[in-house]
Amino acid sequence: QVQLVESGGGLVQAGASLRLSCAASGRTFSGYTMGWFRQAPGKEREFVSAVAIRWNGGGNTYYADSLKGRFTISTDSRKNTVYLQMNSLKPEDTAVYYCAARSALTRPTMMSGYEYWGQGTQVTVSS
């Protein structure tokens, strides 16, 4: 069983940065895809970013087209933690951000394929 705990959300002004963390317990990341999704009020949950972590430690990263260049996903295998660095935040980035884990390296953007989810962390960006 994999447990995911997000942290790092908060209230910031437009243009600021935040780094979200997702601490995983129960197993290591190898062979898993770790993803970030977000859900704004009144909207469906959407893909943000993901990293598919191969057994040799390498990994491929994926981003929603609209977020490329502002968001960066990274991992720390020693801490079993995935990070989402968010820069130049905009009011439209306001949402609950969820960490998720998928026991496969395929279809990283497909929300339905993720088996484990965190409880979410709120990010609010004021204008």
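Just so you know, these numbers use all the heavy atoms, side chains as well, and skip hydrogens, waters and symmetry mates.
Between Thr75 and Met34 the shortest side-chain heavy-atom distance does not fall below 4.5 Å. Thr121 places none of its side-chain heavy atoms less than 4.5 Å from the side chain of Val96. Inter-residue side-chain proximity for Glu115 and Val2 is flagged as unmet; no heavy-atom pair is nearer than 4.5 Å. Residues Leu18 and Val123 are in side-chain contact: their nearest non-hydrogen atoms beyond the backbone lie under 4.5 Å apart.
How far CD1 of Ile53 is from OG1 of Thr28: 8.5 Å, rounded to the nearest 0.5 Å. In this structure, the separation between CH2 on Trp117 and SG on Cys22 is 11.0 Å, given to the nearest 0.5 Å. The line from NZ of Lys68 to OG1 of Thr61 is 9.0 Å long, rounded to the nearest 0.5 Å.
In Gln3, the CD atom is not crowded: 12 or fewer heavy atoms of neighbouring residues, nucleotides or ligands sit closer than 6.0 Å. Other residues, nucleotides and ligands contribute at most 12 non-hydrogen atoms within 6.0 Å of the CZ atom of Arg107.
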Could you give me the CA-CA distance, side-chain angles and deciding distance for Val51 and Asn60, then say whether side-chain contact (heavy atoms from CB on, under 4.5 Å) is met?
CA-CA 6 Å; Val51 55; Asn60 295 325; over 6 Å; no

Any chance you could lay out the side-chain contact (heavy atoms from CB on, under 4.5 Å) test for Tyr116 and Ser103, step after step, and finish with the verdict?
CA-CA 9 Å; Tyr116 306 101; Ser103 58; 5.6 Å; no

Show your reasoning for whether side-chain contact (heavy atoms from CB on, under 4.5 Å) applies to Leu105 and Arg54.
CA-CA 8 Å; Leu105 302 184; Arg54 296 190 293 271; 3.9 Å; yes

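With hydrogens and angles ignored, the 3.5 Å screen pairs a side-chain donor or acceptor of Glu6 with a backbone N or O of Cys99. Between the side chain of Thr33 and the backbone N or O of Ala52, no donor-acceptor pair lies under 3.5 Å. Between the side chain of Glu46 and the main chain of Arg38, no donor-acceptor pair closer than 3.5 Å is present. Judged by distance alone, the side chain of Tyr114 and the main-chain N or O of Pro108 form a donor-acceptor pair under 3.5 Å. In this structure, the side chain of Ser49 engages the main chain of Tyr62 through a donor-acceptor pair within 3.5 Å.
Contact detail for Phe71 and Tyr63: the closest heavy-atom pair is O-CE2, 3.1 Å. In this structure, Tyr98 and Gly118 approach most closely via the heavy-atom pair CD2-O, 3.7 Å.
Screening Lys90, Met86, Gln85 for a side chain to side chain contact (heavy atoms under 4.5 Å, CB included) involving Arg70 leaves a single residue, Lys90. Of the options Val82, Thr81, Asp76, a side chain to side chain contact (heavy atoms under 4.5 Å, CB included) to Ser21 is made by Thr81 and by none of the others. Screening Ile73, Leu84, Leu20 for a side chain to side chain contact (heavy atoms under 4.5 Å, CB included) with Val48, the sole residue that qualifies is Leu84.
Aromatic rings from Phe37 and Phe47 are positioned such that their centres are separated by under 6.0 Å.
Side-chain contact annotation: Asn87 with Ser17, donor-acceptor N/O pair under 3.5 Å present. Judged purely by distance below 3.5 Å, without hydrogens or angles, the side chains of Thr94 and Glu92 never pair a donor atom with an acceptor atom.
Side-chain heavy atoms closer than 4.5 Å link hydrophobic residues (I, L, V, M, F, W, Y) into clusters, and following such links, even through other members, never connects Tyr97 to Tyr83.
For the pair Arg102 and Tyr32, the cation does not sit on the ring face, since its NZ or CZ is not both under 6.0 Å from the ring centre and inside 45° of the axis.
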